[in-house]
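Everything numeric in this text was worked out from a predicted model, so none of it was measured. What you see below is based on every heavy atom in this structure, not just the backbone, and it leaves out hydrogens, waters and symmetry mates. In each ligand, atom 1 is the first atom listed, and ligand 1 is the first ligand listed.
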Amino acid sequence: MNLDTRSTDAPVPGAADTPGSTQTPVGEALPQAARIGQDPLWWRSAVTYQLYIRSFADGDGDGLGDIAGIRSRLPYLASLGVEAIWVNPWYPSPQADGGYDVADYRDIEPAFGTLGDAEALISEAHELGLKIILDIVPNHTSDQHSWFTAALAAAPGSAQRARYLFRPGKGPDGALPPNDWHAVFGGPAWERVTEPDGSPGEWYLHLFDPRQPDLNWDDPVVRAEFLDILRFWFDRGADGFRIDVAHGLIKDPALPDLGIEEEVLMGMPDREDHPHWDLPGVHEIYREWRRVADEYDPPRVFVAEAWVSSPQRLAAYLRPDELHTAFDFDFVRAAWNAAELRATATSSLQAHDGVGAPVMWVLSNHDITRHVSRLGRAGHAVNPLHDVDTVTDLVLGRHRARAALLLELALPGGVYLYQGEELGLEEVEDLPEDLLQDPTWERSGHKERGRDGCRVPLPWTTGGPSLGFGTAAGWLPQPAGWAGLSAQAQDGDPGSMLSFYRRALRLRRELPALGTSGGGETLTWLSLGEDVVAFRRASGFGCVVNVGAGPVDLPAGELLLCSADLDDAGRLPGDATAWLTLA
Ligand code: TEU
């Protein structure tokens, strides 16, 4: 596609004009929570807070976060000003991959609580006006799921094995894997089983860890099971689902070799005709899911985690009869560079507009290096999601993180925040090797440390064995400096990151140009200099991001919020964002 990266005053489509969308400002007098609670299109513009349950708050003192911890912190989330929460997988699981190895999709991991606790959390969130999104993992189950243990006990060719992707090996004794695919966490994507009679047997596919066997989505039993799981949680009040690895469910039935010698850990699909990422067959699955979501009142919603090769391929998941939203990972990957940020926002907005869907902007999640660290890397020509760079300037990173927040909150669409970013937490890059739990560490042969550094338990207070995370030490240790970054330390300090997040989120709710359901709005880029990303939205709202090092003049207007103090001449300093009402 032709990306318009010029800094012109040409209008760019923003949130789309879909048949169901509303352009009327909804209930301005109501508190945001009530407003969101009543708006069936809340998902088009909501700010959603991601809860990595293991690391959010530990209610029972076992070192692991849990539902009791979340319930105790709901008032904090409501006062932060978010409108929805997304909870990472909380189902019974051996925790081989932080809960993304699900053993039972209709219950709660005992270490996290009970089904009753989950139901209580859902209703308490709703009482506070917060929507709640759960996480569904359809690409694979745990190897401890009853389906997989049954498959291992059954014979090759059985109905039980047909739910997964079992194949004979290659070579005279079948001792070689069926093809050359690599697992995302490292090593081959196939594991050989021992048959019930003790002989070496078939192989099964696992695109992630061997303890996460891939399901066979060509089996109607698998399809029916997941429709029922959706209903199970929708019936209990869940407002929607985040879909894990939404682009991975269908594989080329010929299972052709990839022909790639070198492993690309946590890599991106690098070609449009990839044999196991983003195959056209996934779309029929989501059309079926959409019909289930639409049976409910209000309709339930989906957000896809889909790592695909272009904004157009992402938008294909968001056609009106498919999913509602998807994370915008192009924005996550964009370098701190005006041309690149503008090009990324433009292409994302245009592609989404083509299908009438809002963009979901993201800076961090539980899989990628925290953005305070990414934005604090020396150079910033690139913005690696995983690599560790020894030169990280956290002061600069936090400075830019504030600017980046105002940018994403000002763009049309919704925003996902990752727990702890409101405290300005950095990636923890020096966790002792013997504590690392991400399967990537072992599976990569200790080449990649993995994602534990963004999953360290949150600091709530300035003291205690885990800085208020719980009454005991947390499952990963926190850096000493996090006492000063705790919610307690930042609460009431007007200059803190936490206060800044609260202010920005409040203003987003109050300004008529921002945080509405959208519909037919255009965003107009303004030319304010080579290092400046600037745009105008409805009602004369303006956002100016200075990604350069030196100060720039602001356009005439009333300053609403700034991520840093203006200089003595009233100019916007480097690495800062201003919100204004343009004159
Ligand atoms: O992540 C999917 C994942 O690992 C992608 O980052 C991957 O690089 C991509 O699919 C390749 O195209 C999800 C979860 O967010 C993660 O925590 C889990 O470990 C993973 O799925 C397996 O369930």
Side-chain angles (χ1 to χ4, degrees), residues 50-55 86-91 93-103 105 133-145 148 181-187 189 205-215 226 241-251 258 260 263-279 282 303-310 313-314 317 326-330 332-333 360 362 364-370 384-387 416 418-419 436-444 448-455:
Q50 179 190 349
L51 290 154
Y52 193 67
I53 184 168
R54 300 163 63 86
S55 306
W86 150 33
V87 187
N88 285 107
W90 59 5
Y91 317 104
S93 161
Q95 303 286 319
D97 180 23
Y100 282 96
D101 46 324
V102 180
Y105 291 83
I133 303 286
L134 305 181
D135 205 323
I136 194 160
V137 188
N139 183 67
H140 44 263
T141 68
S142 161
D143 63 352
Q144 300 304 307
H145 190 284
F148 194 71
W181 295 359
H182 303 288
V184 170
F185 299 150
L205 179 72
H206 60 88
L207 290 181
F208 294 87
D209 191 86
R211 292 161 292 179
Q212 294 168 297
D214 278 52
L215 285 164
F226 274 85
F241 273 106
R242 176 255 189 200
I243 305 171
D244 188 57
V245 201
H247 58 308
L249 276 46
I250 299 291
K251 284 82 183 174
L258 262 169
I260 302 173
E263 297 193 309
V264 190
L265 297 169
M266 304 293 290
M268 282 288 296
D270 50 351
R271 46 188 255 210
E272 300 220 331
D273 62 340
H274 200 285
H276 64 69
W277 295 137
D278 196 20
L279 272 84
V282 295
V303 55
E305 186 222 20
W307 295 84
V308 296
S309 55
S310 71
R313 295 288 289 240
L314 190 66
Y317 288 75
F327 302 122
D328 193 316
F329 292 126
D330 286 341
V332 178
R333 283 189 298 251
M360 294 295 121
V362 188
S364 280
N365 67 30
H366 65 294
D367 289 332
I368 57 186
T369 300
R370 281 189 178 274
L385 298 189
H386 300 288
D387 304 7
Y416 277 80
Y418 178 50
Q419 66 179 35
L436 296 178
Q437 293 202 17
D438 183 348
T440 306
W441 173 239
E442 290 301 332
R443 299 291 302 167
S444 72
E448 292 265 352
R449 291 170 62 87
R451 302 158 292 176
D452 293 306
C454 63
R455 300 173 174 181

**Message:** Taking 4.0 Å as the limit for heavy-atom contacts, which would you say applies to Phe185 with ligand 1: side chain only, backbone only, both, or neither?
**Reply:** side chain
**Item:** Side-chain (Tyr418) to main-chain (Cys454) donor-acceptor, under 3.5 angstrom
**Value:** yes
**Asked** Less than 4.0 Å between a side-chain N and a carboxylate O, is that true for Arg443 and Asp438?
**Response** no
**Message:** Please report whether the ring centroid of Phe327 lies less than 6.0 Å from that of Tyr416.
**Reply:** yes
Run the numbers for me: atoms of ligand 1, each under 4.0 Å from some heavy atom of [X], listed by number.
| X | answer |
| --- | --- |
| Asp244 | 13 (C), 14 (C), 15 (O), 21 (O), 22 (C), 23 (O) |
| His366 | 14 (C), 15 (O), 16 (C), 17 (O) |
| Arg242 | 14 (C), 15 (O) |
| Arg455 | 17 (O) |
| Asp97 | 18 (C), 19 (O), 20 (C), 22 (C), 23 (O) |

**Asked** Gln95: what forms a side-chain contact (heavy atoms from CB on, under 4.5 Å) with it, not counting sequence neighbours?
**Response** Arg54, Ser93, Glu109, Phe112
**Message:** Among residues at least two apart in sequence or on other chains, which ones pass side-chain contact (heavy atoms from CB on, under 4.5 Å) with Val308?
**Reply:** His247, Asp278, Ala306, Arg313, Leu314, Tyr317
**Message:** If we only consider heavy atoms of His276, is any one of them less than 4.0 Å away from an atom in ligand 1?
**Reply:** no
**Request:** Would you please say whether a donor-acceptor pair under 3.5 Å links the side chains of Asp209 and Tyr100?
**Result:** no
**Prompt:** Considering His247, His140, Gln212, Arg451, which one's heavy-atom position lies nearest to atom 10 (O) of ligand 1?
**Reply:** His247
